[in-house]
Amino acid sequence: MTVAILALQGAFAEHGAMLDRLGVEHFEIRQKKDLDRPFDRLIIPGGESTVMGKLLRDSDMMEPVRQRILAGMPVFGTCAGLILLADQVEEGISHLATMHIRVKRNAYGRQLGSFHTEAEFSGIGSVPMTFIRAPYITEVLEGAEELARAEGKIVAARQGKQLVTAFHPELTEDTRIHQYFLEM
Ligand code: GLN
């Protein structure tokens, strides 16, 4: 199995390190021609969703990536990656818009901009969660299912083969969420 990691901006290297620990082949997608290399799964990392969205459009990758996701290729979006996959962004624009969730950006306010907690993740158990200026999911819509809550907010969801977390599992030692993604 080969996993492609969108590497236009943000925390893509940490996902690569996590996949190394799991012994999974991976490569980075930096420009449109990288999409021609065969891959089975895609990770969209954390970073800044507006910047990543702009880079996806400017490099002509938005539509091809979107089409692959709609065709059923498994995708895992963390933090900004979650925002990119959401089809409804409160007070903002949507990007890939393949997943039926409504999200709120920078949703925890300045005081709670970054924090760490542990919470139940459906089917896995208690997992460590690191949040950095994170969004949360305000509503899980048709076809999507909630997987975890932290501080009362929905912070992980799945719709078919699309998985999103508002937190950053790649910044912890815990490989279980990446494993979950690889088994989807
Ligand atoms: N606040 C960022 C955004 O709106 C997401 C933060 C992150 O990915 N760590 O894109």
Side-chain angles (χ1 to χ4, degrees), residues 1-86 89 94-99 101 103 105 114 121 124 127-135 147-148 155-184:
M1 183 201 303
T2 303
V3 178
I5 304 172
L6 190 67
L8 298 175
Q9 187 264 337
F12 49 86
E14 291 82 353
H15 281 286
M18 190 60 118
L19 294 174
D20 284 338
R21 293 178 58 191
L22 291 167
V24 176
E25 258 180 64
H26 59 88
F27 70 92
E28 292 173 358
I29 293 189
R30 294 176 174 274
Q31 45 189 318
K32 193 174 183 197
K33 72 172 167 41
D34 297 330
L35 291 172
D36 297 338
R37 267 177 85 167
F39 58 94
D40 313 293
R41 269 153 221 267
L42 176 67
I43 291 178
I44 305 179
E48 193 53 47
S49 56
T50 44
V51 175
M52 240 188 281
K54 181 177 188 321
L55 293 171
L56 271 173
R57 283 185 194 90
D58 290 353
S59 60
D60 246 354
M61 288 201 279
M62 185 72 86
E63 205 44 37
V65 169
R66 183 176 141 78
Q67 288 311 323
R68 291 216 201 186
I69 296 168
L70 291 175
M73 189 192 51
V75 62
F76 179 19
T78 55
C79 204
L82 174 157
I83 298 167
L84 286 170
L85 290 167
V89 181
S94 59
H95 301 278
L96 290 161
T98 52
M99 197 165 167
I101 52 176
V103 305
R105 293 181 62 204
S114 301
F121 191 102
I124 297 182
V127 299
M129 299 179 176
T130 298
F131 293 86
I132 302 170
R133 292 181 298 106
L147 294 178
V155 295
R158 177 175 177 171
Q159 177 185 315
K161 291 181 179 168
Q162 302 183 64
L163 174 68
V164 290
T165 61
F167 54 94
H168 291 268
E170 76 284 7
L171 298 182
T172 66
E173 300 285 293
D174 198 308
T175 56
R176 288 175 297 167
I177 293 179
H178 283 76
Q179 234 150 3
Y180 176 97
F181 168 59
L182 297 171
E183 284 161 15
M184 273 181 9

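No hydrogens, no waters, no symmetry mates; every other heavy atom, side chains included, goes into these values. Just so it is clear, the model here is predicted, and its values are computed rather than measured.
Between Ala80 and Met52 the shortest heavy-atom distance is CB-CE, 3.9 Å. Here the closest heavy-atom approach between residue Leu84 and residue Ser49 is recorded as CD2-O, 3.7 Å. Residues Pro135 and Leu82 come closest through the heavy atom pair CG-CD2, 4.1 Å. When all heavy atoms are compared, the tightest approach of Phe121 to Ala148 is CD1-CB, 3.9 Å.
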Exercise for the section: Could you give me the CA-CA distance, side-chain angles and deciding distance for Ile29 and Val65, then say whether side chain to side chain contact (heavy atoms under 4.5 Å, CB included) is met? Expected result: CA-CA 11 Å; Ile29 293 189; Val65 169; over 6 Å; no

Exercise for the section: Would you please test Asp34 and Glu28 for side chain to side chain contact (heavy atoms under 4.5 Å, CB included) and show each step? Expected result: CA-CA 8 Å; Asp34 297 330; Glu28 292 173 358; over 6 Å; no

Practice task
Could you check Arg158 against Met184 for side chain to side chain contact (heavy atoms under 4.5 Å, CB included), going step by step and ending with a plain yes or no?
Solution key: CA-CA 10 Å; Arg158 177 175 177 171; Met184 273 181 9; 3.5 Å; yes

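Residues forming a salt bridge (charged side-chain N to carboxylate O under 4.0 Å, His left out) with Glu25 (at least two apart in sequence, or on another chain): none. For Thr172, the side chain to side chain contact (heavy atoms under 4.5 Å, CB included) test picks out His116, Pro128, Thr130, Asp174, with sequence neighbours left out. His26 pairs by the ring pair (Phe, Tyr, Trp, His ring centres under 6.0 Å) definition with nothing, not counting sequence neighbours.
Partner Phe76 forms a side chain to side chain contact (heavy atoms under 4.5 Å, CB included) with one of Ile177, Ile44, Leu42 and no other, that one being Ile177.
Here Asp20 contributes atom CG and His15 contributes atom NE2; the two are 13.0 Å apart, rounded to the nearest 0.5 Å. With values rounded to the nearest 0.5 angstrom, Leu147 atom CG is found 8.0 Å from Ile124 atom CD1. Summarising the geometry, atom CD belonging to Glu183 is positioned 12.5 Å from atom CZ belonging to Arg176; distances are rounded to the nearest 0.5 Å.
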Donor-acceptor pairs under 3.5 Å, side chain of residues 67-74 to any protein atom, not counting sequence neighbours: which ones?
residue : atom : partner : partner atom : Å
Gln67   : NE2  : Glu63   : OE2          : 2.6
Arg68   : NH2  : Leu35   : O            : 2.5

Distance-only criterion, 3.5 Å: show the donor-acceptor pairs between side-chain atoms of residues 2-13 and protein atoms not counting sequence neighbours.
residue : atom : partner : partner atom : Å
Gln9    : OE1  : Glu48   : N            : 3.0

Return a table of donor-acceptor pairs under 3.5 angstrom between the side chains of residues 160-170 and protein atoms on other chains or two or more places apart.
residue : atom : partner : partner atom : Å
Gln162  : OE1  : Thr98   : OG1          : 2.7
Gln162  : NE2  : Thr98   : O            : 3.1
Thr165  : OG1  : Phe167  : O            : 2.9
His168  : ND1  : Glu170  : OE2          : 2.7

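Counting heavy atoms from C-beta outward, Thr50 and Arg105 have side chains that approach closer than 4.5 Å.
Of the possible polar contacts, none joining the Ser59 side chain to the Lys32 backbone as a donor-acceptor pair under 3.5 Å is found. Of the possible polar contacts, one joining the Arg41 side chain to the Phe181 backbone as a donor-acceptor pair under 3.5 Å is found.
A salt bridge between Asp58 and Lys54 is present, with a side-chain N of the basic residue lying under 4.0 Å from a carboxylate O of the acidic one.
Looking at His95 and Arg57, their side chains do bring a donor and an acceptor atom within 3.5 Å of each other.
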